[in-house]
Amino acid sequence: MRTDGTPRRTADGLALTLDVDGTRPLPELTAALDTACDLLEAARPERLVLLLRLLPAPHHPRSWPGEVDVRAVGRWEKAVHRLERQGALALAVATGPCGGPALDLLLATDFRIAAPDLRLLLPVNDGHFWPGLAVYRLARQLGGARARQIVLWGDALGADRALELGLVDQVSADLTEAAHTATVLMGRISDRELAVRRALLLEAPSAEYGDAVGAHLAACDRELRRLAASRTPAPRPAAPPDDRPDDGSDGPGDRPADAPGARP
């Protein structure tokens, strides 16, 4: 399996694939993710899916992110948030131990496929959980009580439990086939309109009704305009010019009403 961090097109051209190897230095992972986002943005309006293949973590995956400074962490978090704002649908495929950067990306994607041996592991350093934005996303997606159980007690989540909680959407023994099927089916909604709906979902848990209604009505207006434009018939082609030679005589339609021979 290729793990050099270079985004590439799938053979069918429907998806851009990025292999995420959590053992690579954080700046390399950030650069690879930014490159993938650049390619997605350059491909508009083509409907691409971003397929993230989250490679299994090493035997001791819980210590992360290693010897980096907070600026490197900030750049990584910015790149992950950039992924969340893409018009393209993001699909993650995860197998085995999944922690660190792989967990960050899993929680930021739209559709998540897990192998039966998946284990979600929140990063821990010297007994303390890593306070990155995976904690924030867990709380938003699960609610505070369930996120607290995972974060404070550090329990690993297997594939079945992750499916039950909604942290993954599908468990499959054939990840290649499952990813291909999801790419084909979901590629139809991979565009700017997806980004609008994703933003509404992300903002809903913390938005007051008065703030949310404006954003939702603006999205409804955008959708009504889009649908109206799609129903507008194409303009009819202009009639071809009359190429017959002009003999200088007036046709019946050119005679004044009171001229001899004019029709009443």
Side-chain angles (χ1 to χ4, degrees), residues 7-18 33-52 77-93 104-113 133 136-137 139-143 166-170 177-243 253:
R8 61 196 185 282
R9 286 285 191 111
T10 54
D12 55 18
L14 298 177
L16 184 71
T17 301
L18 177 63
L33 186 56
D34 274 328
T35 298
C37 290
D38 288 341
L39 293 172
L40 291 173
E41 292 164 5
R44 292 174 183 166
E46 186 180 1
R47 297 195 176 201
L48 274 180
V49 170
L50 177 61
L51 174 58
L52 296 172
E77 299 289 9
K78 183 178 179 180
V80 176
H81 186 50
R82 184 183 176 192
L83 167 66
E84 290 179 311
R85 301 195 307 272
Q86 289 295 315
L89 183 138
L91 168 67
V93 174
D104 279 347
L105 292 175
L106 180 78
L107 296 176
T109 53
D110 301 298
F111 193 79
R112 307 154 189 183
I113 303 173
L133 282 165
Y136 169 79
R137 292 185 176 92
R140 288 177 71 99
Q141 295 175 29
L142 298 181
L167 292 176
V168 299
D169 301 293
Q170 180 181 352
E177 179 60 28
H180 177 72
T181 300
T183 298
V184 172
L185 293 178
M186 297 181 184
R188 296 173 296 179
I189 62 170
S190 188
D191 60 16
R192 288 179 180 271
E193 298 306 314
L194 172 68
V196 173
R197 285 145 182 80
R198 186 195 294 120
L200 294 175
L201 286 169
L202 290 174
E203 294 165 5
S206 60
E208 296 292 337
Y209 176 81
D211 297 326
V213 67
H216 281 263
L217 287 177
C220 290
D221 180 64
R222 175 187 175 97
E223 179 69 357
L224 290 172
R225 292 174 183 272
R226 185 185 71 84
L227 293 173
S230 68
R231 290 192 297 263
T232 302
R236 299 177 65 179
D242 189 351
D243 295 331

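What you see is a predicted model, and the numbers here were worked out from it, not measured in a lab.
- For Asp12, the side-chain hydrogen bond (donor to acceptor under 3.5 Å, both in side chains) partners are Thr10, His180, not counting sequence neighbours.
- The two residues Val80 and Arg137 make their nearest non-hydrogen contact at CG1-NH2, 3.6 Å.
- Residue Thr17 forms a side-chain contact (heavy atoms from CB on, under 4.5 Å) with just one option from Val49, Leu91, Leu50, Leu51, and that option is Leu51.
- Arg231 pairs by the side-chain hydrogen bond (donor to acceptor under 3.5 Å, both in side chains) definition with nothing, not counting sequence neighbours.
- Closest approach of Leu167 to Arg112, counting heavy atoms only: O-CD, 2.9 Å.
- By the side-chain contact (heavy atoms from CB on, under 4.5 Å) test, Ala219 is found to be paired with Val196, Leu200, residues two or more places apart in sequence or in another chain being considered.
- The salt bridge (charged side-chain N to carboxylate O under 4.0 Å, His left out) check on Arg222 picks up Glu193, with sequence neighbours excluded.
- Scanning for side-chain contact (heavy atoms from CB on, under 4.5 Å) contacts around Ala178 gives Ile113, Gln170, Ser172, with sequence neighbours left out.
- Closest approach of Ala88 and Asp110 over heavy atoms only: O-OD2, 4.1 Å.
- With sequence neighbours excluded, no residue forms a salt bridge (charged side-chain N to carboxylate O under 4.0 Å, His left out) with Asp104.
- Taking each heavy atom of Ala90 and Thr109 in turn, the nearest pair found is O-CB, 3.5 Å.
- Taking the side-chain contact (heavy atoms from CB on, under 4.5 Å) definition, one finds that Leu39 meets it with Pro7, Leu16, Thr35, sequence neighbours left out.
- For the side-chain hydrogen bond (donor to acceptor under 3.5 Å, both in side chains) test, no residue two or more places apart in sequence or in another chain qualifies with Arg44.
- Partners of Glu223 by salt bridge (charged side-chain N to carboxylate O under 4.0 Å, His left out), not counting sequence neighbours, listed by chain and number: Arg197, Arg226.
- Considering only residues two or more places apart in sequence or on other chains, Ala212 meets the side-chain contact (heavy atoms from CB on, under 4.5 Å) condition with Ala207, His216.
- The CG atom of Leu33 sits 7.0 Å away from atom CG of Leu52, with the distance rounded to the nearest 0.5 Å.
- In this structure Glu41 satisfies the side-chain hydrogen bond (donor to acceptor under 3.5 Å, both in side chains) test together with Arg82, Gln86, sequence neighbours excluded.
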